Trainee: 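One structure is given below, represented as structure tokens, and several questions about it will come after.
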Number of protein chains: 2
Amino acid sequence: MIRVLLADDENLVRSAFAALLGLEDDLEVVAQASSGAEALAMARAHAPDVAVLDLQMPDRDGISVAGELSTLLPGCGLVIVTGHGRPGHLKRALEAGVRGFLPKTVSAAVLSDVVRTVHRGGRYVDPELAAEAISAGDSPLTPREADVLELAAGGAPVEEIAARAHLSPGTVRNHLSAASAKLGAPNRHAAVDTARRHGWI
Amino acid sequence: MIRVLLADDENLVRSAFAALLGLEDDLEVVAQASSGAEALAMARAHAPDVAVLDLQMPDRDGISVAGELSTLLPGCGLVIVTGHGRPGHLKRALEAGVRGFLPKTVSAAVLSDVVRTVHRGGRYVDPELAAEAISAGDSPLTPREADVLELAAGGAPVEEIAARAHLSPGTVRNHLSAASAKLGAPNRHAAVDTARRHGWI
DNA sequence: CACCACCCATGACGCGTGTCACCGCCCGTC
DNA sequence: GACGGGCGGTGACACGCGTCATGGGTGGTG
């Protein structure tokens, strides 16, 4: 019997996953969590064999939770499930010790299979996502450029970004200009869009 | 036995919902669809008692599907399920004949209860969402302003928006300026953000 | 009919922004 | 030690953009 921890902030989806996994004879959902912090607490309490984590959760990234879990429970298999799979996320997830990564578009049978595969020590990443990740490659942005671009995401004026990043407005514009050029975007807003699509911010 | 149609582009979620509803004795999932068009075809073929539709689907809005279904199968109960519930969506959904509207954050028991309620001819909208919708009110934007604002969403320059909307650049700027003013946003990008949060575009 | 809201357009003003050149500083590698 | 790359900063220029005033056309309402 494989003991599974489920974490997803959308209660309905999480319960539905639990129902789905509950149909399998060899799987048992022993704990559920609706946030990253709760997931860690539950993991500590129940020591599951496999943790299935949603990528987007209100308090923290599913990947950062995975990273912490991999040191906390080294034997625990880690699976990330996500609505919109971005290539950058996949890379970060694998670095965090995640061994299963799949979008919510896959068919139902895949989830339980992946849980079993990961429990056996195997790996599974969605083929389509893997192809995207390879073709997309690494982020061309320097860390600082990514920071500034992220702060520009809300459509804030340069002045505000400068204040929040403790930089001079001119430097902010330089970073944004460089980022836009690297991403082939005509302006920073399109650059934000592109960077988001690739999971680089 | 209540016969249910399920439509959601995320196969995993849809199958999981099917498993969840399948646990209930009085509910039976008779058809599933992964797009709006497919949902309509399935509805025609199976004439379900209740249709559970995801708001976001690749080809078309779940609400527009609902609108078509309400004329196609007047007796069919309509339920919309959504990840991020926007007040504007709720209003549009109710106008389209939808009688159940709930975010994916609700607990598992609610979904099957809502299906039953809607089948009996009752209504259910998530209380939190309803409160937001009431406090938010109607969209202050004129139809044209909403159009232009939507085209501005991708961070496109004014020139491009003008070309795509068959307008003069000056007119576009006027519409955007008016929209930003109405939404209390310092620029159009923040205006896009605000309008999206309220479901006005 | 007058009135008003919406739509489309033009022109002008001023600020925000994108772009470039150039500066110094730090830290890694060859 | 020289070199290159990332980082922070300045100054200048030109364009995009936000804002406003103004105008004409349309359709619905009192």
Side-chain angles (χ1 to χ4, degrees), chain A residues 88 91-92 95 136-201, chain B residues 88 91-92 95 136-201:
Chain A
K91 187 175 161 52
R92 291 219 317 275
E95 284 166 359
D138 279 11
S139 169
L141 303 175
T142 67
R144 212 63 181 140
E145 282 164 4
D147 284 354
V148 174
L149 197 57
E150 186 150 18
L151 287 172
V158 169
E159 224 179 313
E160 191 184 321
I161 302 172
R164 291 219 276 170
H166 306 290
L167 288 177
S168 112
T171 304
V172 170
R173 287 193 288 170
N174 285 338
H175 281 309
L176 289 176
S177 183
S180 299
K182 285 179 182 175
L183 298 178
N187 57 54
R188 58 179 152 153
H189 305 288
V192 166
D193 207 60
T194 304
R196 258 206 232 285
R197 270 206 317 280
H198 288 82
W200 291 333
I201 59 171
Chain B
K91 187 174 160 52
R92 292 219 317 275
E95 284 165 359
D138 279 11
S139 168
L141 304 176
T142 68
R144 210 64 180 140
E145 282 164 4
D147 285 352
V148 173
L149 196 58
E150 185 150 19
L151 287 172
V158 169
E159 225 178 312
E160 190 183 320
I161 301 172
R164 292 219 276 172
H166 306 290
L167 287 177
S168 114
T171 304
V172 170
R173 287 195 289 172
N174 285 338
H175 281 309
L176 289 176
S177 182
S180 299
K182 285 179 181 175
L183 298 178
N187 58 52
R188 57 178 154 152
H189 304 288
V192 166
D193 206 62
T194 304
R196 258 205 230 285
R197 270 205 317 279
H198 288 82
W200 290 334
I201 60 170

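Within every chain, numbering begins at 1; the chains are lettered A, B, ... in the order of the sequence lines, protein sequences first and strands thereafter. Since the structure is predicted, the reported quantities are computational estimates derived from the model, not experimental observations. All values below were derived from every heavy atom in this structure, side-chain atoms included, with hydrogens, water molecules and symmetry-related copies excluded.
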Trainee: Closest heavy-atom contact between A:Ala165 and A:Leu151?
Mentor: CB-CD1, 3.7 Å
Trainee: Would you say A:Glu160's side chain and A:Pro157's backbone share a donor-acceptor pair under 3.5 angstrom?
Mentor: no
Trainee: Within this structure, what is the CG-to-C1' distance between B:Asp147 and C:dC6, rounded to whole angstrom?
Mentor: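 These atoms are roughly 13 Å apart.
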Trainee: Please work out if B:Thr171 contacts a base, only the sugar-phosphate, or nothing of the nucleic acid, heavy-atom cut-off 4.0 Å.
Mentor: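 Base, at least one base atom sits under 4.0 Å.
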Trainee: Between B:Arg196 and B:Asp193, does any NZ, NE, NH1 or NH2 come within less than 4.0 Å of an OD or OE carboxylate oxygen?
Mentor: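 Looking at B:Asp193 and B:Arg196, the cut-off is not met.
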Trainee: Which whole-number value in Å describes the distance from B:Glu159 CD to D:dC15 P?
Mentor: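 The answer, rounded to whole Å, is 12 Å.
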Trainee: For A:Pro157 and for B:Pro140, find the nucleotide of DNA chain C with the closest heavy atom, then tell me which residue's nucleotide is more 5'.
Mentor: B:Pro140
Trainee: Which residue lies toward the 5' end of DNA chain C, A:Gly155 or B:Pro169, if each is placed at its nearest nucleotide?
Mentor: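 Counting from the 5' end, the first nearest nucleotide belongs to B:Pro169.
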Trainee: Which atoms of nucleotides 18-28 of chain D (N or O only) lie under 3.5 Å from a protein N or O atom, and what are those distances?
Mentor:
from, atom 1, to, atom 2, distance (Å)
D:dG18, OP1, B:Arg188, NE, 3.2
D:dG18, N7, B:Arg173, NH1, 3.3
D:dG18, O6, B:Arg173, NH1, 2.8
D:dT19, OP2, B:Ser177, OG, 3.3
D:dC20, N4, B:Asn174, OD1, 3.0

Trainee: Take a 6.0 Å sphere around CD of A:Glu95 and say whether it holds more than 12 heavy atoms from other residues, nucleotides or ligands.
Mentor: yes
Trainee: Counting only side-chain N and O atoms of A:Thr142, is one of them less than 4.0 Å from OP1 or OP2 of D:dG5?
Mentor: no
Trainee: What nucleotide among D:dG6, D:dG16, C:dC7 has an atom nearest to a side-chain atom of B:Pro143?
Mentor: C:dC7
Trainee: Let me confirm one number: the CD-CG distance from B:Glu150 to B:Leu141, rounded to the nearest 0.5 Å.
Mentor: 11.0 Å
Trainee: Determine: side-chain N/O of B:His175 to OP1/OP2 of C:dC7, distance under 4.0 Å, yes or no.
Mentor: no
Trainee: May I have the distance from A:Lys182 (atom NZ) to D:dG5 (atom P), rounded to whole angstrom?
Mentor: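 For the pair A:Lys182 NZ and D:dG5 P, the rounded distance is 11 Å.
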Trainee: Any non-hydrogen side-chain atom of A:His189 less than 4.5 Å from a side-chain atom of B:Val192?
Mentor: no
Trainee: Write down the distance between CZ (A:Arg144) and P (D:dG9), rounded to a whole number of angstrom.
Mentor: 9 Å
